[in-house]
Number of protein chains: 2
Amino acid sequence: MQDLSPQQNDQIDEAIVSGILSARIRPGTRLGESEVASLFNVSRTRVREAMMRLEQRGIVKVSPRRGWFVVEPSAEEAMMVYAARRVIEAGLLRSMERLTESGRDKLHAHLAEEKLAIAAGDRQRLTCLMGDFHIRIAELSGNTILVEILRDLTARTILISLIYQSDFHAMQSHLGHCRIVAAMEEGDFLKAAELSVEHLDEVETGLDLTRRPDPLADLRHSLSLPPQNAAASSNAPRKAKS
Amino acid sequence: MQDLSPQQNDQIDEAIVSGILSARIRPGTRLGESEVASLFNVSRTRVREAMMRLEQRGIVKVSPRRGWFVVEPSAEEAMMVYAARRVIEAGLLRSMERLTESGRDKLHAHLAEEKLAIAAGDRQRLTCLMGDFHIRIAELSGNTILVEILRDLTARTILISLIYQSDFHAMQSHLGHCRIVAAMEEGDFLKAAELSVEHLDEVETGLDLTRRPDPLADLRHSLSLPPQNAAASSNAPRKAKS
DNA sequence: GCGACAAATCTTGCATACAAGTTTGGAAAG
DNA sequence: CTTTCCAAACTTGTATGCAAGATTTGTCGC
């Protein structure tokens, strides 16, 4: 069959995706081949292959002869990602017919984790969990194809929220998740599907899609400067004579 | 955006996918790196990169130190692919609200092409068109993410049908498509979604998922032997027929 | 001081070389 | 004649080298 445990092939991929899922890697981050290669003590070849795979998954982009960058979804792409998620997640819930005991337990365990992270104020963990919730639901269907699709869409969702989301209403999202689970427990998957669409709409509405990706975000953060919206500075400060 | 015209990067990928979409490449086909490389007059490096991308898309698999092979979806995978398509396509149709004129025209043009291919008995073209129909619908939504997802699922669907489908009821599928378009023209997207699910169920039901992938298929074909189902796995293939 | 230009320094793109593992074919033994 | 075993031939896996292009930096002219 396949080797399951020593997946050294996907090691780099998963490390990067994991970094994105926990919001440790910001959109627009440059991932130089040599840089990553030395980090993992491998040659550029393997890094390059990993990047090719990630590019296919819509997670990184290459700018020719400049480097690899974590994608910065445009407003248009952001809307498409949310639309895709609405279609898939609602379709998934509608196609479900029953919630097994073990499935219910897994969902409850997940909600408990969310509560814990909220209480602890662990924002990185929370970001990861909020995205994972939807993957947990897909996992109930047993359809690994849909799970993988949603995993990638979730990664992109997190990147989107890092660009366009001013502040993250964790509690609101958590309640949305609770409502969806409640509907599923009632066996009302149609309602769950509708709640899911509402939930995603809510999150999307919370985005400020007029905000442009800030190319200086990481530098700004490194210098402990206030975020872009506070200063209200124009994005193109091309040597205004002052 | 992206460079659209001189896509020399995806040339190999697209050539292989195109070969699958038109059923010229059978599941299980070996795609040696050197072989493909010499075919495209490039080095193994680029072929390898293309294969990595195709692997991510679920279209090829690598068997370590043995070679790259076009995937032979298992019965389980086949069911997951169809389930995923039902979820996505039904969800997509349900989320639609109106059919634009140009959209209607495109669908009609597609149905006309299907009719033409049926009349001409051009089976390769027909296979391709039957899959493309569902992509055309996704294209109406303008959501390129979903389009790409469905494109890959369609490729896998064709591989599945090449393994498990004994005979292809083109007319039945075509009528299914016509019914879906009719419902869309009426503005009844819920009905279209239901018809779509039915249509996919119909196709899936037409599969013989007990049939194992035949590793000798291409050799068998090269030797002009009858397909596997005609003669049992007996070692003495007595052909009493004329 | 300021802008333009050119070289130096990166970066990926791609080919090639070699290492490691798999299959195959044939020789030798029974 | 059949079976076993070993070596030769392929295959992918990985690293490395070089070329081409982009960016940056330093310098010169004004």
Side-chain angles (χ1 to χ4, degrees), chain A residues 1-16 25 28-57 59-72 215-216 218-219 222 236-242, chain B residues 1-16 25 28-57 59-72 215-216 218-219 222 235:
Chain A
M1 283 289 186
Q2 297 122 309
D3 47 339
L4 295 168
S5 26
Q7 295 165 334
Q8 207 154 19
N9 296 339
D10 301 358
Q11 190 193 353
I12 301 172
D13 311 44
E14 288 315 310
I16 292 174
I25 302 179
T29 303
R30 199 180 104 85
L31 299 171
E33 290 181 6
S34 322
E35 195 179 355
V36 178
S38 67
L39 233 65
F40 285 86
N41 272 88
V42 295
S43 85
R44 277 178 50 219
T45 307
R46 292 186 54 191
V47 175
R48 207 175 154 69
E49 290 173 351
M51 291 298 176
M52 295 275 170
R53 286 189 291 261
L54 290 175
E55 184 180 37
Q56 200 64 42
R57 295 167 68 180
I59 291 173
V60 304
K61 262 287 180 194
V62 64
S63 178
R65 315 268 177 191
R66 283 179 27 81
W68 295 87
F69 298 86
V70 176
V71 294
E72 297 178 289
L216 303 177
D218 50 349
L219 180 57
S222 302
R238 56 166 64 199
K239 302 188 179 153
K241 296 163 189 169
S242 57
Chain B
M1 287 287 183
Q2 298 119 312
D3 48 337
L4 295 167
S5 24
Q7 294 166 333
Q8 205 152 20
N9 296 339
D10 301 357
Q11 189 192 356
I12 300 171
D13 312 44
E14 288 315 311
I16 292 174
I25 301 179
T29 303
R30 200 181 103 87
L31 299 170
E33 290 182 5
S34 322
E35 194 179 356
V36 178
S38 67
L39 231 65
F40 285 87
N41 272 89
V42 294
S43 86
R44 275 179 52 219
T45 307
R46 291 187 55 191
V47 175
R48 206 173 155 70
E49 290 172 353
M51 290 300 177
M52 295 275 170
R53 286 189 290 264
L54 290 175
E55 184 181 38
Q56 200 65 40
R57 295 168 68 179
I59 291 174
V60 304
K61 263 284 182 197
V62 63
S63 179
R65 315 268 178 191
R66 283 180 26 82
W68 294 87
F69 297 87
V70 177
V71 294
E72 297 178 289
L216 304 176
D218 51 348
L219 180 57
S222 301
N235 219 2

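Since the structure is predicted, the reported quantities are computational estimates derived from the model, not experimental observations. Naming: A, B, ... by sequence-line order, numbering from 1 per chain.
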To the nearest angstrom, how far is [X] atom [atom1] from [N] atom [atom2]?
| X | N | atom1 | atom2 | answer |
| --- | --- | --- | --- | --- |
| B:E35 | D:dC10 | CD | P | 14 Å |
| A:R65 | D:dA22 | CZ | C1' | 9 Å |
| B:F69 | D:dT11 | CZ | P | 11 Å |
| A:E33 | D:dT14 | CD | P | 16 Å |
| A:R66 | D:dT23 | CZ | C1' | 8 Å |
| B:I12 | C:dC14 | CD1 | C1' | 12 Å |

- Task: Check each residue of residues 39-57 of chain B for a non-hydrogen atom within less than 4.0 Å of any atom in DNA chain D, then write out the ones that pass by number, or none.
- Result: B:R44, B:R48
- For A:R30 and A:R66, indicate whether the former's side chain and the latter's backbone hold a donor-acceptor pair under 3.5 Å. yes
- Query: Atom CZ in A:R53, atom CG in A:N9: separation rounded to 0.5 Å?
  - Reply: 6.5 Å
- Message: One pair to check against side chain to side chain contact (heavy atoms under 4.5 Å, CB included): A:V36 and A:M51. What are the steps and the verdict?
- Response: CA-CA 10 Å; A:V36 178; A:M51 291 298 176; 4.3 Å; yes
- Side-chain contact, heavy-atom cut-off 4.5 Å: B:I12 with B:V42? yes
- Task: Locate the shortest heavy-atom distance separating B:S34 from B:R44; write the atom from each residue and the value.
- Result: OG-CD, 3.8 Å
- Item | Closest heavy-atom pair and its distance - A:A15, A:F40 | CB-CZ, 3.6 Å
